[in-house]
Protein chains: 2
Amino acid sequence: MSVLPNIPDPLADKDSSRRESNAQDGATHCMATSQPKGPPGKLHDLHRPGAGEGDESTFCHTCAFSGVCQVAGYGKPELLELHCLVEHVGPYRTGEYVFRNRDPFRAIYAVRAGTIKTVVVNRDGNEQVLGFFLPGEVVGLDAIYPEHYPCDAIALEPSHFCRFSYPAMTALASREPDVQQHVFRMLSKELGAASLLTGDHSADERMAAFLVDLSARYQARGFSGTHFRLSMSRGDIANYLRLASETVSRVLGRFREQGILRIVGREVQFVDGDRLRDMASNVFND
Amino acid sequence: MSVLPNIPDPLADKDSSRRESNAQDGATHCMATSQPKGPPGKLHDLHRPGAGEGDESTFCHTCAFSGVCQVAGYGKPELLELHCLVEHVGPYRTGEYVFRNRDPFRAIYAVRAGTIKTVVVNRDGNEQVLGFFLPGEVVGLDAIYPEHYPCDAIALEPSHFCRFSYPAMTALASREPDVQQHVFRMLSKELGAASLLTGDHSADERMAAFLVDLSARYQARGFSGTHFRLSMSRGDIANYLRLASETVSRVLGRFREQGILRIVGREVQFVDGDRLRDMASNVFND
DNA sequence: GCCTCGCCTTGACCGAGATCAAACACGGGC
DNA sequence: GCCCGTGTTTGATCTCGGTCAAGGCGAGGC
């Protein structure tokens with residue numbers, strides 16, 4: 001039972017997570033054969049707390065891919081084509097692979113609900129967490145160049161995605177300069193975001209930066225930025241930040257006793273957000 | 001005097017480096033006013049050892065941007081437009097800024113000759129080296145999203161560049177799907193390359209990975225991959241690898257006494273390349 | 001030639017965080 | 001209820017690489 005009330009719970013959707021479904025074919029909009037289908041199944045049954053129980057377009061407004069969908073889709077003949085471009089997939093169960101290292105690259109994924117982590121496993125079997133992806137964020141852009149996914153993507157909670165066919169997307173981008181521009185910008189943004197891991201910073205700075213980053217990303221997508229649930233284990237956080245999980249525990253414990261945040265299990269509430277941002281500032285602005 | 005003979009010396013071009021020239025306007029092909037100009041000044045006077053004294057097209061073949069230039073330029077009416085897209089600039093003198101943090105983003109740079117480093121300076125004035133860029137490599141892609149350069153770019157030796165107007169490039173990409181595709185791939189490749197700094201690795205592994213990476217990049221551009229000159233100081237290497245410069249010295253010293261490489265000053269020769277690659281392997285494949 | 005200024009190297013010491021170890025908490029299955 | 005397994009916390013010790021300090025080396029200026 002949660003001791004921190006009113007936390008938007010990104011897990012949610014307990015029902016659909018128990019459904020017997022083949023995640024890969026969850027809610028396909030457009031088959032390879034192009035045969036006509038009914039309208040795409042709405043995801044109204046998917047609980048998306050924090051963003052309200054908004055409809056499709058409300059959700060899409062918070063998605064990093066919205067530039068593509070909205071430019072391409074709104075009141076234009078490309079609307080039909082968009083249905084071929086976007087395919088709703090899920091739910092994927094906790095621990096399930098969305099794609100695997102070396103899988104041929106065909107599509108980019110936008111998280112509709114849930115969270116995933118991307119990891120690589122080196123030859124001695126140690127896994128390395130590369131990143132976490134929250135609702136509205138885009139995964140798979142680093143697969144364009146090698147033409148296969150360079151990492152595994154694993155759901156940390158029951159998750160849904162929009163899958164964008166890459167060939168269809170580039171074709172669309174060729175005809176719609178705004179779409180092309182949007183993809184350039186998404187790629188470039190991702191380049192700039194790689195800095196959390198680089199830089200030698202203390203465990204405190206890294207942890208603070210991690211929390212501040214998560215907070216900002218939740219907020220940007222319409223969730224609470226001061227009160228959220230960590231969907232990843234301490235071990236995953238530690239691995240991502242290149243710390244030992246013991247160190248993560250100790251730092252979080254210290255933050256708690258210094259009155260910087262409240263944390264019970266995986267539920268986090270910022271108490272002194274300014275203090276956190278201050279600690280994190282050296283990690284971001286360099 | 002070099003004790004390691006026959007090293008391609010990327011510095012070279014002592015003459016042009018002493019010229020009194022305004023680097024920013026070195027060899028502009030196409031003025032904003034579109035007034036007709038003579039043919040672009042050839043760079044035959046620029047010493048480019050390792051790639052031979054090749055002509056323009058030989059050089060361009062080794063450039064990461066070649067997909068853009070060649071697709072756009074060969075035997076097509078876009079040839080003229082390409083002259084507006086590409087502008088040769090330089091020489092920049094050692095220590096000179098190619099662009100600065102927060103400068104408005106207008107163009108992407110490809111290194112024609114020389115080397116640059118990109119750095120950010122955090123609020124306490126400590127600089128952080130983000131990367132080194134060798135001939136044929138492209139700088140500035142991370143500026144697309146923020147619309148300003150997110151870092152300083154500083155020449156480590158006398159350097160020349162091809163400057164690509166970003167608006168012209170996107171316009172061209174809209175009309176030439178192959179160009180668009182090429183830019184997507186360049187951006188994606190850069191995303192995948194960010195991994196050298198991430199990951200917690202020993203000083204030995206980082207150093208080995210750094211050398212192997214440099215070697216591969218020189219080789220890919222037609223230079224020797226086993227015998228080259230470091231164009232950056234130990235301090236820059238250390239900063240880039242998030243080590244102390246003393247540690248870099250010690251590790252290099254150890255590599256030397258273990259017979260893994262010969263190193264005198266900034267000149268490096270691989271002796272046991274397999275050993276180096278072995279040490280580095282954990283850094284790359286994860 | 002000599003001096004100077006960076007850069008590089010080498011040594012001695014120290015500390016943040018990893019590692020090892022042992023409980024503890026919590027949730028699911030029965 | 002109980003058991004079991006995973007994830008988390010806390011304590012004790014070790015170690016790699018940072019920091020401080022002192023020289024060494026080499027290129028350029030005069």
Side-chain angles (χ1 to χ4, degrees), chain A residues 1-4 9 11 14 17-18 93-95 117 126-129 156-157 197 199-208 210 229-257 261 263-268 279 282-283, chain B residues 1-4 9 11 14 17-18 93-95 117 126-129 156-157 197 199-208 210 229-257 261-268 279 282:
Chain A
M1 180 172 56
S2 169
V3 293
L4 299 178
D9 178 5
L11 275 172
K14 306 282 188 199
S17 73
R18 288 198 203 92
R93 289 180 296 274
T94 302
K117 64 173 178 182
N126 301 318
E127 81 171 24
Q128 175 92 278
V129 175
L156 294 176
E157 357 173 71
L197 297 176
D200 57 333
H201 298 286
S202 68
D204 285 18
E205 287 176 313
R206 296 174 106 88
M207 196 65 227
F210 175 70
R229 187 174 187 285
L230 300 170
S231 40
M232 66 295 286
S233 70
R234 300 287 193 274
D236 280 338
I237 297 172
N239 188 316
Y240 175 66
L241 297 176
R242 281 52 172 159
L243 298 171
S245 64
E246 293 92 329
T247 303
V248 168
S249 269
R250 280 185 252 267
V251 172
L252 287 177
R254 204 171 330 122
F255 284 179
R256 176 173 39 211
E257 60 195 39
L261 47 75
I263 179 165
V264 177
R266 294 188 175 186
E267 290 167 7
V268 178
M279 281 195 285
N282 267 321
V283 179
Chain B
M1 179 175 58
S2 168
V3 294
L4 300 177
D9 179 6
L11 275 172
K14 306 282 188 201
S17 71
R18 287 199 206 91
R93 289 179 296 275
T94 302
K117 65 173 177 181
N126 300 319
E127 79 172 25
Q128 175 92 282
V129 175
L156 294 176
E157 358 172 71
L197 297 176
D200 57 332
H201 298 285
S202 69
D204 284 19
E205 285 176 314
R206 295 174 105 87
M207 196 66 228
F210 174 70
R229 187 175 186 284
L230 300 170
S231 40
M232 66 296 287
S233 70
R234 300 288 194 273
D236 281 338
I237 297 172
N239 188 314
Y240 175 67
L241 297 177
R242 281 50 171 164
L243 299 170
S245 64
E246 293 93 329
T247 304
V248 168
S249 268
R250 279 185 253 267
V251 172
L252 288 177
R254 205 172 328 125
F255 284 179
R256 177 173 39 212
E257 60 195 40
L261 46 75
R262 299 216 291 153
I263 179 164
V264 179
R266 295 188 175 186
E267 290 166 7
V268 179
M279 280 194 285
N282 267 322

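Just so it is clear: chains get the letters A, B, ... in the order the sequence lines come, proteins before strands, and each one is counted from 1.
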A:L230 CG to D:dG7 P, in whole Å, measures 15 Å

- Evaluate the side chain to side chain contact (heavy atoms under 4.5 Å, CB included) criterion for residues B:M232 and B:R266: first the C-alpha distance (whole Å), next the side-chain angles of each, then the deciding distance (0.1 Å), finally the verdict. CA-CA 8 Å; B:M232 66 296 287; B:R266 295 188 175 186; 5.8 Å; no

* To do: List the steps and the verdict of side chain to side chain contact (heavy atoms under 4.5 Å, CB included) for B:R254 and B:M207.
  => CA-CA 11 Å; B:R254 205 172 328 125; B:M207 196 66 228; over 6 Å; no

Bend of the helix from C:dG1-D:dC30 to C:dC30-D:dG1 from end-axis comparison, five pairs per end, nearest 10°, comes to 40°

Taken to the nearest whole Å, CG/B:D204 to P/D:dT15 is 17 Å

Just call it for B:A203: base, sugar-phosphate, or nothing, with non-hydrogen atoms closer than 4.0 Å on any strand. sugar-phosphate

### Query
Which part of the nucleic acid, if any, lies within contact of B:S202, taking any heavy atom under 4.0 Å across all strands shown: a base, the sugar-phosphate backbone alone, or nothing?
sugar-phosphate

Value for CZ (B:R242) from NE2 (A:H201), rounded to nearest 0.5 Å, stands at 7.5 Å

Item to complete: With side chain to side chain contact (heavy atoms under 4.5 Å, CB included) as the test, would you mind laying out the steps for B:V251 and B:R206 before giving the verdict?
Response: CA-CA 10 Å; B:V251 172; B:R206 295 174 105 87; over 6 Å; no

A:E267 CD to D:dT8 P, in whole Å, measures 13 Å

### Intermediate values then yes/no, side chain to side chain contact (heavy atoms under 4.5 Å, CB included), B:L241 and B:T247
CA-CA 10 Å; B:L241 297 177; B:T247 304; over 6 Å; no

A:L156 atom CG is separated from D:dT6 atom C1', nearest whole Å, by 16 Å

The reported gap from CD1 in B:I263 to CZ in B:F255 (rounded to nearest 0.5 angstrom) is 10.0 Å

Heavy-atom nearest pair, A:R234 first then A:G265, reads NH2-O, 2.7 Å

note: A:L243, atom CG; D:dT9, atom P; distance rounded to Å ~ 14 Å

B:H201 atom NE2 is separated from C:dA18 atom C1', nearest whole Å, by 16 Å

Heavy-atom nearest nucleotide on DNA chain D taken for A:D200 and for A:R266; more 5' hit belongs to A:R266

Exercise for the section: Please confirm whether the backbone N or O of A:S202 pairs with a side-chain atom of A:E205, one donor and one acceptor, at under 3.5 Å? Expected result: yes

Note: contacts of residues 232-239 of chain B with DNA chain D (heavy atom, under 4.0 Å) are none

Sorted by number, residues from residues 246-255 of chain B placing a heavy atom under 4.0 Å from DNA chain D are B:E246, B:T247, B:R250

dist A:L252:CG -> A:F210:CZ (nearest 0.5 Å) comes out at 9.5 Å

Atom CD1 of B:I263 and atom P of C:dC7 are separated, to the nearest Å, by 16 Å

Output for pair (A:S249 OG, A:L243 CG), nearest 0.5 Å, gives 11.5 Å

Return no unless some side-chain N or O of B:R206 is found under 4.0 Å from OP1 or OP2 of D:dG17. no

Is there a donor-acceptor contact under 3.5 Å from the side chain of A:N239 to the main chain of A:E127? yes

